[in-house]
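Contents: one structure, followed by commentary.
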Amino acid sequence: MMKRNIVLVGMMGSGKSHIGRKLAQRLGWQFVDTDRRIERAVGMTIAEFYASAGEKVFREREINVLQQVSRYHEAVISFGGNFPMNVGTYRILHRHGFIVALLSEPFRVEERVSRHIGKRPTVDYENLHDFVHTMMKQWEEVYPYCDCVIDTTRGGASQIVESIVHKINERHVQFIAREKKEKDVK
Ligand SMILES: Nc1ncnc2c1ncn2[C@@H]1O[C@H](COP(=O)(O)OP(=O)(O)OP(=O)(O)O)[C@@H](O)[C@H]1O
Ligand SMILES: O=C(O)C1=C[C@@H](O)[C@@H](O)[C@H](O)C1
Ligand SMILES: [Mg+2]
């Protein structure tokens, strides 16, 4: 299987940003976090942008970033926790990306998401337990379309990174190299 990049999807708090950054370091690749890219583009946090622009515009921005980065070579791309994984977006991601879904048990998601109350605009922090269980159910429909699913409940980041590298090697996934440019655009 020949691909260009590795894409991390999954529920909020599953560790896409945290693990994605470390995976990129491990591989010597560029790291793209769609949330951070949107924040830089709009000059405000995801929560502020979501509150001021609304869900529709926010999702349009995410699709826009998807179209920008889905063709990147040797990149680890971490998507937002509510990224609309539908047939259309899946097709774009799957064309060039090895799609890794991260998941964690509810208690771990609740613990992580509670670390930064207010950061995630759609999280119901008052009913976090129910919110997380609903989110988990929604993501269950996506996993069959992913190339692999990694449980990030336990184990340090480096162990999780190595388990992703192992999956890639055992599937004999090869990645098209990026032409080294003078200055990489992040
Ligand atoms: N394996 C891990 N070990 C320790 N801390 C972790 C681990 N994974 C994630 N975290 C921590 O949990 C919090 C949430 O992780 P992270 O931001 O990576 O989640 P995410 O999946 O990117 O969430 P979102 O979808 O909202 O962007 C962060 O504070 C992060 O540092
Ligand atoms: O609350 C939400 O829906 C979101 C929270 C952010 O952390 C992002 O993960 C995501 O883009 C959307
Ligand atoms: Mg993230």
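For ligands, and for the atoms within them, numbers begin at 1 and follow the listed sequence. Starting from 1, each residue takes its place in the sequence as its number. Both backbone and side-chain heavy atoms feed into the values below; hydrogens, waters and symmetry mates do not. Note that the structure is predicted; figures quoted are calculated from it, not measured.
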Item to check | Gly13 near ligand 1 by a heavy-atom separation under 4.0 Å | outcome: yes

Next on the checklist: With a 4.5 Å cut-off on side-chain heavy atoms, are Leu103 and Met136 touching?
Outcome noted: no

Next on the checklist: I'd like to check whether His18 has a polar contact with ligand 1, where a contact means an N/O of the residue lying under 3.5 Å from an N/O of the ligand.
Outcome noted: yes

Item to check | Which of the ligand 1 atoms, numbered from 1, are nearer than 4.0 Å to a heavy atom of Ile160 | outcome: 1 (N)

Item to check | Side chain, backbone, both or neither: Phe58 near ligand 2, heavy atoms under 4.0 Å | outcome: side chain

Checklist outcome for this item: In this structure, atom 9 (O) of ligand 2 is nearest to the protein heavy atom Gly81 N, 2.7 Å

Checklist entry - Which residue and non-hydrogen atom of the protein lie closest to atom 15 (O) of ligand 1, and at what distance in Å? => result Gly15 CA, 4.0 Å

Checklist entry - If you measure from atom 28 (C) of ligand 1 to every heavy atom of Arg115, Arg21, Lys16, Glu111, which option wins on shortest distance? => result Arg115

Next on the checklist: Within the structure provided, determine whether Val65 and Phe79 are in side-chain contact (heavy-atom separation under 4.5 Å).
Outcome noted: no

Item to check | Heavy-atom nearest neighbour in the protein, as seen from atom 6 (C) of ligand 2, with distance rounded to 0.1 Å | outcome: Asp35 OD2, 3.8 Å

Checklist entry - Quick one: does ligand 1 sit under 4.0 Å from the side chain of Asp35, the backbone, both or neither, non-hydrogen atoms only? => result side chain

Checklist entry - Got more than 12 heavy atoms from elsewhere within 6.0 Å of CZ, Arg71? => result no

Next on the checklist: Strictly under 2.8 Å, is the Mg ion (ligand 3) approached by any N, O or S atom of Ser17?
Outcome noted: yes

Next on the checklist: Tell me if the CD atom of Glu141 is crowded by more than 12 foreign heavy atoms within 6.0 Å.
Outcome noted: no

Item to check | Any N/O pair Gly156/ligand 1 closer than 3.5 Å | outcome: no

Checklist entry - Can you tell me the protein heavy atom closest to atom 7 (O) of ligand 2 and the distance? => result Arg120 CG, 3.4 Å

Item to check | Asn82 and ligand 1 - part of the residue with a heavy-atom distance under 4.0 Å | outcome: neither

Checklist entry - At what distance is the nearest protein heavy atom to atom 17 (O) of ligand 1, and which residue and atom is it? => result Arg120 NH2, 3.5 Å

Item to check | Proximal ligand 1 atoms for Met11, defined as those under 4.0 Å from one of its heavy atoms | outcome: 21 (O)

Next on the checklist: Check this for me: Arg21, atom CZ, are more than 12 non-hydrogen atoms of other residues, nucleotides or ligands nearer than 6.0 Å?
Outcome noted: no

Next on the checklist: Rounded to the nearest 0.5 Å, what separates atom OG1 in Thr153 from atom CD in Glu111?
Outcome noted: 10.0 Å

Next on the checklist: Using a 4.0 Å cut-off to any heavy atom of Glu62, which atoms of ligand 2 qualify?
Outcome noted: 11 (O)

Item to check | Evaluation steps, side-chain contact (heavy atoms from CB on, under 4.5 Å), between Leu27 and Phe175 | outcome: CA-CA 11 Å; Leu27 299 172; Phe175 293 93; over 6 Å; no

Item to check | Greater than 12 external heavy atoms within 6.0 Å of Arg95's CZ | outcome: no

Next on the checklist: Which residue and atom name correspond to the protein heavy atom nearest atom 2 (C) of ligand 2, and how close is it?
Outcome noted: Thr122 OG1, 3.0 Å

Next on the checklist: What's the separation between atom CD in Gln25 and atom CZ in Phe31, rounded to the nearest 0.5 Å?
Outcome noted: 9.0 Å

Next on the checklist: Quick test: of every protein heavy atom, which one is nearest to atom 13 (C) of ligand 1, and how far off is it to 0.1 Å?
Outcome noted: Arg112 CB, 3.9 Å

Checklist entry - Would you find more than 12 non-hydrogen atoms of other residues, nucleotides or ligands less than 6.0 Å from Glu126 atom CD? => result no

Next on the checklist: For the 3.5 Å polar cut-off, considering only N or O atoms, please tell me whether Gly81 and ligand 1 meet it.
Outcome noted: yes

Next on the checklist: As an exercise, state the distance from CG of Asn82 to CE of Met12, rounded to the nearest 0.5 Å.
Outcome noted: 4.0 Å

Next on the checklist: So for ligand 2, is Asn82 a polar contact partner (N or O within less than 3.5 Å, distance only)?
Outcome noted: yes

Item to check | OH (Tyr145) with more than 12 external heavy atoms under 6.0 Å | outcome: no

